[in-house]
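I have placed the structure first, in the form of structure tokens, so that the comments after it can refer back to it.
The basis for the numbers below is simple: all heavy atoms, side chains too, and nothing from hydrogens, waters or symmetry mates.
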Amino acid sequence: AFLKELDNQLSNKAPITLYLIGGAAVTLAYDPENRTVDLDFIDPPDRLSEVGGKGSKLAQRYRIYVSALTEINFSVPSDWKDHCHPLDIPLKHFQIMIPCVEDIVLGKIARLEPKDFEDILGMKEKGLLEPKKLLRRLQENKKELLNTEYRQNAKLLFQEVFQKNFWQWS
């Protein structure tokens, strides 16, 4: 309902493409039982944040808001947009694209807070995560793998979520 009302309040000459990541992408595309308080869009137009951002009338009514992030904050391989698919919600002024499940997980590895683990475990329980496919995508994330904390988080994720040592999958 929030997205439809947001769509009705926007008026673009041509539909724009938005990229949704994080918990909202998990909720809307993969695990409807998941909950979030914000919609993390990568580089959305200013107008989207004005109409639906934190503190807006729309956000207060629905208790969810648009959060604008820059692409540099999404810790995934550079070709991540090629792996996105459209969210099946009919909107007039924008189309929402959702990253593949592996890229959502890779994005969560950078922070790996308890809520991130919950999101990842929820997708695993629904049979959406294939460890070997995730590892293959992780290996394509060369820029992030240079970061020691990211690498440690990836090892921890494989150990905790898949009960296997990270290196057993390679």
For residues 93-101, which side-chain N or O atoms pair as donor and acceptor with protein atoms under 3.5 Å away, sequence neighbours left out?
| from | atom 1 | to | atom 2 | distance (Å) |
| --- | --- | --- | --- | --- |
| H93 | ND1 | D7 | O | 2.8 |
| H93 | ND1 | D7 | OD1 | 3.4 |
| H93 | ND1 | L10 | O | 3.1 |
| H93 | NE2 | L10 | O | 3.3 |

Which heavy atom in G107 sits nearest to a heavy atom in F74, and how many Å separate them?
CA-CE1, 3.9 Å

With sequence neighbours left out, which residue pairs that include part of residues 16-42 fulfil the salt bridge (Lys or Arg N to Asp or Glu O under 4.0 Å) condition?
D31-K126, E33-K126

Can you tell me if T27 uses its side chain to pair, donor with acceptor, with the backbone of N34 under 3.5 Å?
yes

Is L146 atom CG crowded by more than 12 heavy atoms from other residues, nucleotides or ligands, each under 6.0 Å away?
yes

Quick one: salt bridge (charged side-chain N to carboxylate O under 4.0 Å, His left out) partners of E144, sequence neighbours excluded?
none

Tell me, please, which residues at least two apart from E118 pass salt bridge (charged side-chain N to carboxylate O under 4.0 Å, His left out).
none

For E71, all residues meeting side-chain hydrogen bond (donor to acceptor under 3.5 Å, both in side chains), sequence neighbours excluded
W80

Contacts of Y30 meeting side-chain hydrogen bond (donor to acceptor under 3.5 Å, both in side chains) (sequence neighbours excluded), chain-then-number -> H85

Within the supplied structure, the quantity of interest is the number of heavy atoms (other residues, nucleotides, ligands) at a distance under 6.0 Å from K4 NZ; does it exceed 12?
no

Which residues satisfy the salt bridge (charged side-chain N to carboxylate O under 4.0 Å, His left out) test with E149, sequence neighbours excluded?
none

Measuring from K124:NZ to F162:CZ, what's the distance to the nearest 0.5 Å?
6.5 Å

Would you say that more than 12 heavy atoms from the other residues, nucleotides or ligands in this model lie under 6.0 Å from the CG of D82, or not?
yes

In Å, rounded to the nearest 0.5 Å, how long is the span from CG of L106 to CG of L134?
5.5 Å

Return the CG to CZ distance between L20 and F41, rounded to the nearest 0.5 Å.
5.0 Å

Enter the distance from I109:CD1 to L156:CG here, rounded to the nearest 0.5 Å.
10.0 Å

Worked verdict on Q60 versus Y65 for side-chain hydrogen bond (donor to acceptor under 3.5 Å, both in side chains):
CA-CA 8 Å; Q60 291 171 4; Y65 62 92; over 6 Å; no

Please give me the minimum heavy-atom distance between N153 and A110, naming the atom from each residue.
ND2-O, 3.5 Å

Sorted by chain and residue number, the side-chain hydrogen bond (donor to acceptor under 3.5 Å, both in side chains) partners of D116 (sequence neighbours excluded) come out as K108, R111

Test of understanding: with side-chain hydrogen bond (donor to acceptor under 3.5 Å, both in side chains), list the residues that count as partners of R47, not counting sequence neighbours.
none

Going by the rule ring pair (Phe, Tyr, Trp, His ring centres under 6.0 Å), which residues pair with Y150 if we only count those two or more places apart in sequence or in a different chain?
none

Let me see the working for F117 and L157 under side-chain contact (heavy atoms from CB on, under 4.5 Å), right down to the final yes or no.
CA-CA 8 Å; F117 263 113; L157 176 84; 4.2 Å; yes

Taking only residues at least two apart or on different chains, which pairs with a member in residues 51-60 satisfy salt bridge (Lys or Arg N to Asp or Glu O under 4.0 Å)?
none

Rounded distance (nearest 0.5 Å) linking atom OG1 of T36 with atom CG of L39:
7.0 Å

Pair Y62, L6 - check side-chain contact (heavy atoms from CB on, under 4.5 Å), show working.
CA-CA 11 Å; Y62 287 98; L6 182 62; over 6 Å; no

Spacing of CG belonging to L48 relative to CD1 belonging to I16, to within rounding of 0.5 Å
6.5 Å

Taking atom types as modelled, is there a side-chain donor on D46 or S49 under 3.5 Å from an acceptor on the other?
no

Run the salt bridge (charged side-chain N to carboxylate O under 4.0 Å, His left out) test against D79 and tell me which residues pass, sequence neighbours left out.
R137

